[in-house]
Amino acid sequence: MRGSKRHVVKVLLDNVTKVFGKGKKTVVALDHISLEIKSEEFFVILGPSGGGKTTTLRLIAGLEEPTDGEIWIGDKLVASASKKIFIPPNKRNVGMVFQNWALYPHMKAFDNIAFPLKIKRVPKDKINSKVMEVAKMLEIDKVLDRYPRQLSGGQQQRVALARALVKEPQVLLLDEPFSNLDARLRATARALVKDIHKKFGITSILVSHDPADMLSLADRAGVIFNGKMNQIGVPMDLYDKPANLAIANLVGEINIIEGTLKGGEFTANDLLIRLPVKSDLKAAVLGIRPEDMSVKKDEEVSPGESPLGWGVVRISEYAGGKFTVVVDIGGNTLRISASAPIPRDEKVFVVAVTNKIKIFDKETGINILNEEQRSQ
Ligand SMILES: Nc1ncnc2c1ncn2[C@@H]1O[C@H](COP(=O)(O)OP(=O)(O)OP(=O)(O)O)[C@@H](O)[C@H]1O
């Protein structure tokens, strides 16, 4: 794939392992990770705390050396354990934005942005024109003589992004940039990052534990658990066709029912669902997202729907513009999206969109529908 015109690989991790520590006290932070991020792509690395997200970014930035494997940026091999190649961060041409947007408090916005160029000993007049250019693009050219404390939260983000972009990096790395922001600022920061990506056309890699970042920003994403890349794909596939139960849980709310699968019938307590599936499993886990089910007053099943049966409403919760109805059904409790609240104790008929129902092997966590589709 490397070098081909259709998929210009801008960042490539080839079988990368990172082990911290020595002797008995070692931590395998990354375990044979392979990843191709295309030129101009917005790639999100999603994972729980301690999964290895920050380590991946630090390896690309050159702040860590891989224990094994190779890292390429563009056509340049920037790190190879076996070939003993290691290009330091200042020669990699990457820009990084950290979790807290970390501006130097004692420097005015101008000097914050100019800092990476000063370190590179760029001539003063060139620094001035570069800072102005990027500040104009980010609409902060009028506040360059202010200290960070004199800037709004949104302006501080722009300054931090400008500082990462002023060197004209080939790759922009963002480490949980929204996690410390309140909900309002988070939304504007996401929009800003998306806008920058469009404007600069820069290959961008963002790490986050928040699926909303992936859903709103990513062209593609990779999910990392315990140092292992579990699945790479477009956000919709990760959401609708997760490779395993852990990913299904990480990327969004999902109802989980444990039961048995035999001859195309899933049973759990008094619930029976017929499914287009061939495998039999003694211990199966059914997963259905709240928005993939609906409640009805009558026993009606439309094409493409599977009936779950009659249930009783326990409570209706307001969920911002819609409602979540909690229904007891066949000895199970399900959370179902609805456009209006339904009174407690009312009987409802529950259906699910058949091709959105997920089935996992309880022992391995693997999504058996993906496996069956793959083997077809
Ligand atoms: N310098 C280090 N020395 C020893 N262990 C480390 C070091 N840096 C990271 N680790 C370990 O490597 C693993 C992966 O850490 P990493 O920071 O990459 O995870 P993360 O997914 O970014 O987590 P978080 O979301 O909490 O930042 C963890 O077990 C962590 O404790």
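Ligands are counted one by one from 1 in listed order, and the atoms in each one are counted from 1 as well.
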Legend entry - Ion pair E168/K130, N-O distance below 4.0 Å: yes

Give the residue and atom name of whichever protein heavy atom lies nearest to [atom], and the separation in Å to one decimal.
atom	value
atom 15 (O) of ligand 1	T55 OG1, 3.7 Å
atom 6 (C) of ligand 1	F20 CD1, 3.3 Å
atom 26 (O) of ligand 1	S49 OG, 2.6 Å
atom 31 (O) of ligand 1	V27 CG1, 4.9 Å
atom 23 (O) of ligand 1	G50 N, 2.7 Å
atom 12 (O) of ligand 1	A29 CB, 3.3 Å

Legend entry - cation_pi(K228, F225) dist<6.0 Å, angle<=45: no

Legend entry - R190 to F178 six-membered ring, cation-pi geometry met (6.0 Å, 45°):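 Output yes; distance and angle both within limits.
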
Inset, instruction - Determine whether L144 and I196 fall in the same hydrophobic cluster, where Ile, Leu, Val, Met, Phe, Trp and Tyr are linked whenever their side-chain heavy atoms lie under 4.5 Å apart. - result: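 Yes, because L144 and I196 connect within a single hydrophobic cluster, where side-chain heavy atoms sit under 4.5 Å apart.
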
Inset, instruction - Using the rule that two of Ile, Leu, Val, Met, Phe, Trp, Tyr join whenever any of their side-chain heavy atoms come within less than 4.5 Å, decide whether M137 and L165 are in one cluster. - result: yes

Those atoms of ligand 1 less than 4.0 Å from some heavy atom in [X]:
X	result
P48	21 (O)
G51	19 (O), 20 (P), 21 (O)
E176	25 (O)

Which pair of non-hydrogen atoms, one from [X] and one from [Y], has the smallest distance, and what is that distance?
X	Y	answer
H209	L46	C-CD1, 3.9 Å
F110	N128	CZ-OD1, 3.1 Å
I254	R289	CB-NH1, 3.7 Å

Legend entry - Polar contact flag, side-chain donor to acceptor under 3.5 angstrom, E64-T55: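 No, T55 and E64 have no side-chain donor paired with an acceptor closer than 3.5 Å.
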
Is [X] close enough to touch ligand 1? Criterion: a residue heavy atom under 4.0 Å from a ligand atom.
X	result
G21	no
E64	no
G47	no

Legend entry - Heavy atom of protein inside 4.0 Å of atom 19 (O) of ligand 1, strictly below: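 Looking at atom 19 (O) of ligand 1, one finds that a protein heavy atom does lie closer than 4.0 Å.
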
Inset, instruction - Please check atom 9 (C) of ligand 1 for a protein heavy-atom neighbour under 4.0 Å. - result: yes

Legend entry - H209, K53, R58: member with heavy atom nearest to atom 25 (O) of ligand 1: K53

Inset, instruction - Just go through T54, I224, N226, D175 and tell me whose heavy atom is the nearest to atom 17 (O) of ligand 1. - result: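 Residue with the shortest heavy-atom distance to the ligand atom: T54.
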
Legend entry - Under 3.5 Å: donor-acceptor pair, side chain of T203, backbone of K10: no

